[in-house]
Protein chains: 2
Amino acid sequence: MVTLADVARRAGVSKSTASRALSDGRVSAATREHVLRIAAELHYVASPAAVSLATGRTGTIGAIVPTFDTWYTSTLIRGLAHAALRHDFDLLLFELGEHGEHRDRAFDHFRRRRHVDAVFSANFALTRREVGALRDLGIPVGAIGGPTPGIRTWCLDDEAAGRLATQHLLDHGHTDILFAGGRPDEELAMYVAEDSRHAGYRAALRDAGITARAPRPLMPTVPAAKEAATAVLAAADRPRAVVAASDEIAMGFVLAARGAGVSVPGDVSIVGIDDHPHAAAFGLTTIRQRPAEQGRLLVDWLVGQIDEPSGERHHTGLLPELVERGSTGPA
Amino acid sequence: MVTLADVARRAGVSKSTASRALSDGRVSAATREHVLRIAAELHYVASPAAVSLATGRTGTIGAIVPTFDTWYTSTLIRGLAHAALRHDFDLLLFELGEHGEHRDRAFDHFRRRRHVDAVFSANFALTRREVGALRDLGIPVGAIGGPTPGIRTWCLDDEAAGRLATQHLLDHGHTDILFAGGRPDEELAMYVAEDSRHAGYRAALRDAGITARAPRPLMPTVPAAKEAATAVLAAADRPRAVVAASDEIAMGFVLAARGAGVSVPGDVSIVGIDDHPHAAAFGLTTIRQRPAEQGRLLVDWLVGQIDEPSGERHHTGLLPELVERGSTGPA
DNA sequence: CTGTTAGCGCCTTCAG
DNA sequence: CTGAAGGCGCTAACAG
């Protein structure tokens, strides 16, 4: 392997000069150019380990997410990866999974190794204790999630999203609107976004002077939603409209409706939240959020914080955006 | 930060003894236990950079994939991440994206940094040149993709999958079978799996003495497939059955069929390949593959190779598996 | 079994 | 502007 010493020797300068030439340091333009040329010829690449040991910087950002294989998290990670690359940072990935041994191990493993300069966290998947541990790492932490003491956070303004979706239905004259979503299992801190969306739904109805139905909790996956939706649509008190807490839930409803011969939006209007890539094929009216851009945003901020920490720890709500397609119609 | 020296001093031994106690080395049981206790008390964690510099090992595996946000790649990565964690390795991720500047940069960045002990590659997304560069890295390389000289590879036996899907239709008495899939854009090396699946389809028909239709190339996404399917199903020579090169394509067909009032499987039978998580909700008959297990397989192999390279460079085809649901029926 | 001695490759004072 | 020297934290011979 070619080292800095090789480059220095070949260039006829000292290691220090070579080092300076390769980075910012003050060197004469001539030597710099010369060293750079030699380095290129030799395909010199600095050893990350050595650089890290000498500087304390690792050049990598850690990302901690609940699972990779969902539209939201995988798209978010894509955004993180692109931005990290643009800033010349590497991205180290940790999947937490559900609570349990594996999860603890993953988290511990991540927390104890000091080889990241900053960490991105999908906070909505962490316990309070875990978030605290992250904060105490002493490096910049940026998270997707609700407001969290001591941590800079961002996320879709879920309440506004729920409100916007509901208002859209209200504008169409609907009054019998079901909210579908929210975990049946109270244990998990995950998916609290759904609670905020539900709150937005309730607020919109309250403002309109309309009574909300009892929500229909379900797991936020297409198959689970389809199953639940089949029951909902077969019931005597079938709602005329539904606000789905996510597009996957909305898709489950569309699938169930078609299977049951229920027309969308003729018999029931359905609005989702997310703008999942499949939403268009389902003709879904939805509230859009852009995970990839959220990832970019986070990494840009993190990289800035590595150089000069600002101490800012507030929360930023991202604006939702209505996308009208064919799944909603007049009451 | 607490270092090995701190532990050694506090334990009253030399750094080397402490180091040995913390790892495999020969030390008396008593000293080992003592050092271990002190280390735990002090929350000692070895500096990865220092270890790496001293040993030449980095404890991380690099993964290079075309994009994160597809079911296949994100599930694959989940498998990689789980297995890596189990072996106490970190996972460094690189997303290549489409060909172009960003892609070159990503690849170069990855190739030049020597901070991974082994690399996983989603070969199907790479050019021959890129694969060659990976091979020349001098570290173990394991890939998902077709047989590649000099590289250990695995992938679903796509030809067998295409054949199995087609045979299933043949068994139902179908003779008018369309193959939907294959990139309209010849440029990209990506998704060659579709070609093999198409080959399997043709082989099955040939064996049955049935003439194949001209395939319907399309982008492998739900929206694109739905659009293409709408045209296919409206045509005068609408096929009685279709082998979709992937479940996403199959879903596009199901959506299009429902939109056009075409009954599945009454008017047209549809079989997919992959067993995407949404497949069940679509009632899709499909050929299953298990990306997460593929990821695990790869990492297990890679970790073994890091310790003792075996030089094996062959290809392994993974067996496809028919999953019958409701989207296929008699001719 | 344990301590001493050298580095691993780079950056960074400190002189010149 | 440049060179020499020391150290980042750890492991790996080499003696004892």
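None of the values given here were measured: they were computed from a predicted structure. Order of the sequence lines sets the chain letters (A, B, ...), proteins ahead of strands, with each chain counted from 1.
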Does [X] reach the main-chain N or O of [Y] with its side chain, forming a donor-acceptor pair under 3.5 Å?
{"X": "B:Arg32", "Y": "B:Ala21", "value": "yes"}
{"X": "A:Asp6", "Y": "A:Thr3", "value": "yes"}
{"X": "B:Asp117", "Y": "B:Thr58", "value": "yes"}
{"X": "A:Thr60", "Y": "A:His115", "value": "yes"}
{"X": "A:Thr148", "Y": "A:Gly146", "value": "yes"}
{"X": "A:Thr67", "Y": "A:Thr73", "value": "no"}
{"X": "A:Glu95", "Y": "B:Arg78", "value": "no"}
{"X": "B:Arg135", "Y": "B:Pro140", "value": "no"}

- Pick base, sugar-phosphate or nothing for A:Thr31, based on heavy-atom distances below 4.0 Å to the nucleic acid. sugar-phosphate

- With distance as the sole criterion, is a donor-acceptor pair present between the side chains of A:Arg152 and A:Thr316 under 3.5 Å? yes

- Message: For a quick check under 3.5 Å, do A:Arg290 and A:Thr75 share a side-chain donor-acceptor pair by atom type?
- Response: no

- Item | Start and end of chain B contact along DNA chain C [non-hydrogen atoms, under 4.0 Å] | C:dC1 to C:dG9

- Take the C1' atoms of the five end pairs on each side of the helix from C:dC1-D:dG16 to C:dG16-D:dC1, derive the two axes, and give their angle rounded to 10 degrees. 40°

- Item | Summary of protein contacts for nucleotides 8-16 of chain D, nucleotide by nucleotide, where a base hit scores B, a sugar-phosphate-only hit scores S (4.0 Å, heavy atoms) | BBBBBB---

